[in-house]
Amino acid sequence: MPIGIAASFRFAGPRKEKKKKKLGGARMEPPPPPPPPPLGTTVTQRDQWTVEQEVGRIYSFFAQLPPAAQSFALEVQRDNHIEYLTRGLRGLAPSFGSLDASRPWICYWIIHSLALLGEPIDAELEESIIDFLSRCQDPSGGYGGGPGQLPHLATTYAAVNSLITLGGSRSLSSINRDKVHNFLRQMKQPSGGFRMHDGGEIDVRACYTAISVASTLNILDDELAEKVGDFILSCQTYEGGIAGEPGSEAHGGYTFCGLATMILINEVDRLDLSRLIDWVVFRQGVECGFQGRVNKLVDGCYSFWQGGACALLQKLHPFGLSEGGEDESTDSIDSSLYAASNVSEQEEQENNLESASPQVDGTCQFKQGGPQSASCSENTGNASYNFHERCAEGGSLFNSSALQQYILLCSQLPEGGFRDKPGKFRDFYHTCYCLSGLTVCQYSRSKHADSPPLPWDVVGPYSNLLEPIHPLHNVVLSKYQEANEFFAG
Amino acid sequence: MRCCCGRYTEEALDASAKLLEINPEYYTAWNYRKLAVEHRVGESGSSPEYVKSIFDEELKVVENALRQNFKSYGAWYHRTWVLSKGHSSLDHELRLLDRFQKADPRNFHAWNYRRFVAALLGRSVEDELQYTEDLIGNNFSNYSAWHNRSMLLSEILKKKEQESSSQDVISKEYEFVLNALYTDPDDQSGWFYHLWLLDQTFKVKAPLLVSSWPVPGFDLVVSGNVSFADHPLSSFSEFTVALERFPVVLYFNQNVEGVNSSTVTIQSTFVQNEDVTWKPLSLQNSPASKVWVGYLDLSGVDHHSSAPYTVEIKLGHHQGIMSSNGLQLSIPFDLSFTVSVKPLETQSSKDEKVAWEEDKFCACETHLQVAIPCLCYDGITVDNKYEPTTSDWQIGTIAEEISQIRNLLAISDSKIGKITLARLLMAHDAMSSPYATKTVHAEEVLGLYSELMKLDPSHYQYYKDERSLVLLQQLLSSRETLLRYCFCYRGITSPSAYGPICLRLNNQSISRMGSFDKLLWVQLLDLSDNELHSIEGMEALQLLRCLNLGRNKLRSFTSLDPLRYLRSLKVLNISHNEIGLHSIDTTRYSCSASPLSHNGEIIWSDDVFPPEDADVTNYWEAFMVFKSLELTQLDIVGNAVTNEKFKSFLLKILPKLQFLDGQNLHQI
């Protein structure tokens with residue numbers, strides 16, 4: 001199996017960067033050649049093993065660094081990300097006319113990433129984006145992948161989220177809500193689901209994008225919501241997660257989409273939440289990041305899809321773990337948990353676990369030395385132990401600090417941008433969803449989405465703190481609030 | 001790109017093909033091609049060969065597009081469209097699929113398409129099954145292949161009407177998956193398939209009533225004041241309740257809907273069936289719940305008559321009580337008990353404080369041995385015969401799996417294996433006694449969870465919680481074990497010679513509460529010195545009057561939410577917890593974004609309107625919990641939230657309070 005296939009979940013097709021510059025590991029010493037993988041394993045296990053080795057090497061290298069270097073390694077390289085993103089956004093402008101079917105997506109990935117970093121977009125560029133997206137808007141409603149293309153639900157979601165993120169009345173009023181509503185109604189199927197576009201496929205992605213857009217634009221009505229829940233429900237599998245369509249296997253991206261949709265239409269209790277929790281929490285592996293499906297490799301973009309689903313569940317379901325609790329014995333094995341932390345735990349792999357822990361220690365040590373140490377009473381004593389304690393106590397459904405470490409150390413490129421995993425190239429998709437995952441982590445323990453998190457909830461310097469998002473739509477919260485007022489009534 | 005003139009030129013088609021081969025995601029071009037194909041096929045005089053060539057061309061374009069990007073939604077979808085028009089052949093499509101699935105055996109587009117092709121072109125389920133077997137043989141970590149196997153077998157099982165032959169199929173699959181589990185006991189894929197097999201073996205069961213208050217056949221003596229507002233803690237051996245709100249609690253083994261006056265009938269001389277409203281005790285405001293409560297109004301009962309009144313409750317004789325997946329309550333249930341009402345003797349002093357000190361409790365075994373059996377279930381046996389729904393084959397299968405996994409664990413330390421074994425053992429116990437009265441494997445299960453807590457520290461709390469639930473089941477499994485935790489409370493004057501019964505589960509290192517079905521009778525409960533971070537489920541304990549949660553790990557008032565439903569609660573100790581220590585609490589979130597949301601915070605209809613007070617907003621969470629309670633005694637010392645300002649707020653919202661942190665407020 002070729003290694004080059006990303007496990008990414010995208011609404012649209014993968015965007016490959018033209019420049020295949022060799023990136024990554026710039027400041028790291030050349031790694032020693034990996035020991036050969038254990039014999040008698042499957043291809044999947046060998047791939048997994050390779051990734052664990054690679055990630056383990058990064059963590060152990062990090063653990064040896066002096067505190068100042070650790071601090072730097074954990075820092076969100078804002079300036080470089082901003083430069084990478086801004087260059088990308090400017091690069092879009094001249095080729096707006098090109099034959100691309102997912103331009104609104106690239107707009108959204110970049111604009112949203114910049115918004116998360118708190119970076120404003122200059123007025124001229126903003127104008128040209130609004131103009132461009134207006135040209136993608138179909139006269140009969142909805143947005144296409146480019147001017148003159150058919151309206152499509154995914155690009156409609158991307159365009160609407162982009163315009164909301166830009167904010168301001170010119171941007172928001174450019175959206176023809178009545179027409180969008182018409183388009184959504186046209187895509188609505190008698191079965192309850194939605195089609196992506198005229199004559200297109202019906203899946204959970206379509207439900208999410210339709211319902212999310214309808215909700216942000218304040219045009220969600222009973223007609224649009226009717227039987228959507230039935231469709232989503234038919235996609236929840238015995239594993240616990242949600243598949244793209246009935247019969248498929250559970251998948252992180254669709255799980256987020258399905259869960260968020262059910263929350264938006266107020267039918268989330270119909271899902272088997274206890275099984276959903278069991279599935280999603282065990283998709284976070286020893287690499288500290290999330291995998292998208294059972295026995296797949298870790299991928300930074302699932303920091304948002306899976307991490308975001310955890311954050312939603314955590315907020316929905318205050319008391320944490322499996323709801324079925326005390327009736328599990330009478331219900332036989334229904335809510336069984338299949339703890340599945342990772343493919344292989346042979347002794348060689350155990351090393352990775354261990355090599356991950358000093359890394360955790362390292363983080364905490366860094367914090368102890370940091371300006372917040374006075375208020376950081378939990379960092380006294382055994383940091384690694386406190387670390388576990390801290391996550392478990394509040395009924396956290398995922399290890400937020402570990403995930404932040406994966407994002408910052410394995411997905412982040414110091415020269416700007418984020419990637420799937422070590423060895424992969426950066427792209428705007430992964431930059432967007434790694435940053436989105438990072439903000440979800442940082443605020444996952446906050447009571448109110450816009451109240452600042454406590455210092456120890458932010459891995460690395462507190463200046464890493466990103467803007468909070470609305471976790472159901474993945475737009476910056478203040479922008480969502482502005483749009484919400486704008487579209488009220 | 002879109003063609004409005006109704007003509008589809010060769011150049012335009014060529015251009016669209018080239019475009020799609022470069023960017024298969026260009027869905028507008030796929031749609032253009034669909035229209036073009038339909039137009040050309042519809043043209044009069046097109047020969048079958050011509051039509052075939054048109055569709056062959058489409059297949060070729062899709063194939064080239066997939067070579068460019070085989071995760072393209074549009075390309076795969078276009079191919080299903082061509083096939084649904086009746087073109088291409090099974091062999092052709094399988095060849096194409098083999099090529100792509102070799103390159104990426106986990107591509108879900110390809111798997112979806114494979115299922116589509118197999119169904120459309122009639123590939124036999126057996127052949128497809130063989131294909132998954134080959135792939136699994138080649139790489140048993142390929143979960144997609146396992147998943148497809150489960151889909152195929154679902155079809156086969158659906159067809160096999162006869163139970164025995166479907167049992168054979170399942171048994172063979174257990175053997176098959178066991179090979180993979182033995183090859184690598186830590187690989188997730190096989191275990192997920194094993195989970196699916198267990199699901200097939202133990203189909204979702206119909207809902208069942210597992211417990212109720214009062215218990216059938218109980219002769220209940222109720223003393224109560226007609227005025228709800230004022231009844232001191234006097235008699236606990238009898239039941240002191242507000243007479244107009246005498247609770248009847250029905251506890252099911254799963255969430256059910258449809259408990260109402262037409263599905264549950266009450267016969268009694270003083271209560272009209274229609275007057276009783278059944279409410280789900282559910283924190284989520286959902287119409288389904290495991291626990292339902294109906295309140296009988298006993299205020300009209302003659303206090304001076306010594307003759308007991310009979311109350312008969314029948315449920316499940318009419319359809320309507322059902323689980324979320326539409327299964328009806330399986331066994332009708334009749335519950336009959338008698339009530340005699342005694343006027344409340346107000347001999348006790350209002351100034352009596354409930355103290356939880358050790359010396360206030362006494363074992364009084366002989367008294368409890370008589371009293372306890374009347375109060376709680378040891379399986380619903382009275383007049384209700386339980387027909388086992390599990391077959392010998394199921395019991396045999398579970399026993400076989402238990403022994404297989406034990407063997408497996410003898411040679412490996414598989415975490416997934418351990419947790420599966422723990423679940424299987426508990427399921428086995430549950431099947432041999434549906435009311436969880438026998439827990440023969442509890443010790444082994446507790447051991448497994450303890451090992452897991454060490455082996456897998458990042459999921460420590462999960463295992464700890466699961467362990468707590470098993471431990472509680474064990475402690476409360478029979479009257480004999482229960483008796484060890486029951487004590488007579490001697491701390492207050494009582495008309496009864498022994499004092500009220502208190503269940504003491506203190507100091508057991510419980511992190512999560514469960515087994516509430518066994519505790520419906522409890523009026524005094526001591527859970528101090530545990531590690532509770534949640535009391536979810538406690539809303540079922542409708543008779544609870546005194547609760548000690550001191551020295552636990554509760555982090556917020558929100559975690560006390562279940563208390564809002566406990567209208568009888570008078571005495572509460574939440575001292576020395578962590579409320580307010582973590583200034584940020586993650587436990588509440590309202591998805592206000594939903595315009596369809598009708599979720600209100602307010603659950604009871606007789607809610608008081610919050611007074612306009614700045615403190616209310618400051619202490620909103622405390623207000624939400626306490627406003628519906630009429631506590632007379634509260635201990636809250638030792639929480640970060642406690643300060644003078646907060647205490648004065650408490651005095652405002654709890655006007656009936658007599659003791660705050662041990663201090664008699666009436667003597668100040």
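Residue numbering restarts at 1 for every chain, and letters A, B, ... go by the order of the sequence lines.
Judged purely by atom type and a 3.5 angstrom limit, A/Arg293 uses its side chain to pair as donor or acceptor with the backbone of B/Arg106. The closest donor-acceptor contact from the side chain of B/Tyr27 to the backbone of A/Ala101 lies at 3.5 Å or more, if one exists at all. Checking side-chain atoms of A/Thr42 against main-chain N and O of B/Phe140 turns up no donor-acceptor pair under 3.5 Å.
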Taking it one step at a time, do B/Tyr462 and A/Val281 satisfy side-chain contact (heavy atoms from CB on, under 4.5 Å)? CA-CA 11 Å; B/Tyr462 186 95; A/Val281 300; 5.9 Å; no
Could you give me the CA-CA distance, side-chain angles and deciding distance for B/Phe108 and A/Tyr254, then say whether ring-ring contact (aromatic ring centres under 6.0 Å, His included) is met? CA-CA 12 Å; B/Phe108 66 82; A/Tyr254 294 117; 5.8 Å; yes
Given B/Gln188 and A/Lys296, is the side-chain contact (heavy atoms from CB on, under 4.5 Å) satisfied, shown in steps? CA-CA 10 Å; B/Gln188 311 166 25; A/Lys296 292 271 286 179; over 6 Å; no
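A heavy-atom distance below 4.5 Å is found between the side chains of A/Tyr238 and B/His147. With contacts defined as side-chain heavy-atom distances shorter than 4.5 Å, the pair B/Leu195/A/Arg275 qualifies. Contact of the A/Gln149 side chain with the B/Tyr26 side chain is registered, since non-hydrogen atoms from C-beta on lie closer than 4.5 Å. Within the 4.5 Å cutoff, the side chain of B/Tyr77 has no heavy atoms near those of the A/Met196 side chain. Annotation: side chain of A/Glu249 is not in contact with side chain of B/Met151 (no heavy-atom distance under 4.5 Å).
Considering only residues two or more places apart in sequence or on other chains, A/Thr237 meets the side chain to side chain contact (heavy atoms under 4.5 Å, CB included) condition with A/Glu239, A/Ala243, A/Ala250. Under the salt bridge (Lys or Arg N to Asp or Glu O under 4.0 Å) criterion, B/Glu401 pairs with no residue at all, not counting sequence neighbours.
B/Lys418 does not touch chain A: none of its heavy atoms, backbone or side chain, sits under 4.5 Å away. Only the side chain of A/Glu245 comes within contact range of chain B, with at least one heavy atom under 4.5 Å from a heavy atom of that chain. Heavy atoms of B/Asn112 lying under 4.5 Å from chain A belong exclusively to its side chain. Only the side chain of A/Thr155 has a heavy atom closer than 4.5 Å to any heavy atom of chain B.
In this structure, B/Asn31 and A/Asp198 approach most closely via the heavy-atom pair ND2-O, 2.8 Å.
Your options are A/Gly247, A/Gly144, A/Gly199, and the one with the most heavy-atom pairs under 4.5 Å with chain B is A/Gly247.
With hydrogens and angles left out, the side-chain atoms of A/Asn295 and B/Asp187 include a donor and acceptor closer than 3.5 Å.
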